[in-house]
Amino acid sequence: MGIHLDTNFHFKTEGFQRVAEAVAPFDLTWLEIDIHDPQALGTIKRMAPCPIASAETLHGRRDFRPYLEQYSIDVGIVDVIWNGLGESMKIASLCDVYEVNCAPHNFYGNLCSAISATFSACIPNFRVMEIDIDSVAWRDEFTPPPVIENGELVMPTGPGWGVEVNEAAIRARPPK
């Protein structure tokens, strides 16, 4: 098990550098930083004692390209749900050209975990899959929860994304 620290957009360049220095003794798997300046992120990456993950808020290959050209990320976090599977596969391919691994941004629910697992299984530069197990108690009424054995997600085997959507449960909880 490794530590993945997500700092979101909470700092500026200097603050992210100070965080990277402060966490050095903990041998992080990665430090996740969200910042809209690929050059600044590249500066942080070059001094950081751990891999830098970023890009979960980017949409499309054109948004990823400056970060890759600046060599500012070790792991590109791809939001498969917002980018779509087809574009996400192209983003992963572009990242692969720059020797950058990918991880899906995945905190939406069980169906999205199945979609992210499909993405993860299809790319050659997969790093690790995020899965959010802390949610509302009724989330598992919509789709069955993912199966995790020995720390690994078991790929669903059903048709489509591999999970059955309980439409009656969805209709029972309409948006307000």
Side-chain angles (χ1 to χ4, degrees), residues 1-109 112-135 146 148 150-153 155:
M1 185 170 82
I3 300 171
H4 300 75
L5 179 60
D6 186 350
T7 58
N8 294 99
F9 286 98
H10 293 299
F11 303 97
K12 301 291 184 211
T13 304
E14 176 197 5
F16 286 124
Q17 289 175 318
R18 292 176 68 188
V19 169
E21 291 168 352
V23 300
F26 303 104
D27 193 29
L28 268 62
T29 300
W30 77 43
L31 176 60
E32 186 175 335
I33 296 173
D34 295 307
I35 189 171
H36 291 297
D37 185 336
Q39 290 176 313
L41 188 57
T43 299
I44 297 163
K45 178 184 174 278
R46 284 182 275 288
M47 60 73 56
C50 58
I52 298 297
S54 187
E56 70 186 17
T57 63
L58 302 182
H59 299 109
R61 289 164 282 166
R62 285 182 178 87
D63 281 0
F64 271 78
R65 192 173 72 193
Y67 289 83
L68 296 168
E69 289 174 346
Q70 291 293 322
Y71 295 92
S72 59
I73 54 177
D74 295 299
V75 180
I77 301 176
V78 181
D79 195 311
V80 182
I81 305 310
W82 279 93
N83 281 292
L85 182 62
E87 182 64 15
S88 295
M89 298 289 290
K90 293 173 185 175
I91 291 167
S93 181
L94 180 62
C95 287
D96 195 39
V97 169
Y98 287 88
E99 302 293 331
V100 171
N101 287 322
C102 290
H105 182 227
N106 176 44
F107 72 99
Y108 304 103
C112 295
S113 291
I115 295 168
S116 292
T118 299
F119 167 76
S120 299
C122 291
I123 61 172
N125 51 338
F126 168 67
R127 177 67 173 90
V128 67
M129 186 177 123
E130 170 183 44
I131 189 164
D132 192 355
I133 57 173
D134 183 27
S135 186
I148 299 173
N150 299 320
E152 295 182 1
L153 186 133
M155 286 293 292

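Values in this document were obtained by computation on a predicted structure and should not be read as measured data. Residue indices begin at 1 and follow the sequence shown.
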Chemist: So how far is it from His10 NE2 to Asn8 CG, rounded to the nearest 0.5 Å?
Modeler: 4.0 Å
Chemist: Test side-chain contact (heavy atoms from CB on, under 4.5 Å) on Glu69 and Tyr98; report intermediate values, then the result.
Modeler: CA-CA 8 Å; Glu69 289 174 346; Tyr98 287 88; 3.5 Å; yes
Chemist: Which heavy atom of Ser88 sits nearest a heavy atom of Val80, and at what distance?
Modeler: OG-CA, 3.3 Å
Chemist: State whether the number of non-hydrogen atoms from other residues, nucleotides or ligands found under 6.0 Å of Gln39 atom CD is greater than 12.
Modeler: no
Chemist: Using 30° and 60° as the class boundaries, would you call the ring planes of Tyr108 and His105 parallel, tilted or perpendicular?
Modeler: perpendicular
Chemist: Quick one: does any side-chain atom of Ser72 pair with a main-chain N or O of Tyr67 as donor and acceptor, under 3.5 Å?
Modeler: yes
Chemist: So, do Asp132 and Asn106 sit near enough that their side-chain heavy atoms are less than 4.5 Å apart?
Modeler: no
Chemist: For Phe64 and Leu58, work out which heavy atoms get closest and say how close.
Modeler: CE1-CB, 3.7 Å
Chemist: Among Val75, Ile44, Ile77, Asp34, which residue satisfies the side chain to side chain contact (heavy atoms under 4.5 Å, CB included) criterion with Ser54?
Modeler: Asp34
Chemist: At what distance, to the nearest 0.5 angstrom, does CD of Glu32 lie from OG1 of Thr7?
Modeler: 7.5 Å
Chemist: I'd like to check Phe107 versus Ser135 (side-chain heavy atoms, cut-off strictly below 4.5 Å). Are they in contact?
Modeler: no
Chemist: Assess whether side-chain contact (heavy atoms from CB on, under 4.5 Å) is satisfied between Met129 and Phe119, documenting all intermediate values.
Modeler: CA-CA 10 Å; Met129 186 177 123; Phe119 167 76; over 6 Å; no
Chemist: Atom CD of Glu130 and atom NE2 of His4: how far apart are they, to the nearest 0.5 Å?
Modeler: 9.5 Å
Chemist: Find the distance between CD1 (Ile81) and CD1 (Ile115) and round it off to the nearest 0.5 Å.
Modeler: 4.0 Å
Chemist: Closest approach of Leu153 and Ala117, non-hydrogen atoms and distance?
Modeler: CD2-CB, 3.8 Å
Chemist: Is the backbone N or O of Met89 less than 3.5 Å from a side-chain atom of Ser93, with the two atoms forming a donor-acceptor pair by type?
Modeler: no
Chemist: With rounding to the nearest 0.5 angstrom, report the CD to OG1 distance, Gln17 to Thr43.
Modeler: 7.0 Å
Chemist: Just wondering, more than 12 heavy atoms not from Arg62 lying within 6.0 Å of its CZ?
Modeler: no
Chemist: For a 4.5 angstrom cut-off between non-hydrogen side-chain atoms, does Asp74 reach Arg127?
Modeler: no
Chemist: Closest approach of Asn125 and Ala92, non-hydrogen atoms and distance?
Modeler: ND2-O, 3.0 Å
Chemist: Measure from the side-chain N and O atoms of Asn83 to the backbone N and O of Asp79, and report whether any donor-acceptor pair falls under 3.5 Å.
Modeler: yes
Chemist: Evaluate the side-chain proximity of Thr13 to Asp37: yes if any heavy-atom separation is below 4.5 Å, no if none is.
Modeler: no
Chemist: Do the side chain of Glu87 and the main chain of Arg61 share a donor and acceptor less than 3.5 angstrom apart?
Modeler: yes
Chemist: For the residue pair Ile33 and Lys45, establish whether any side-chain heavy-atom pair is separated by less than 4.5 Å.
Modeler: no
Chemist: Rounded to the nearest 0.5 Å, what separation is found between the CD1 atom of Ile35 and the CD1 atom of Ile73?
Modeler: 13.0 Å
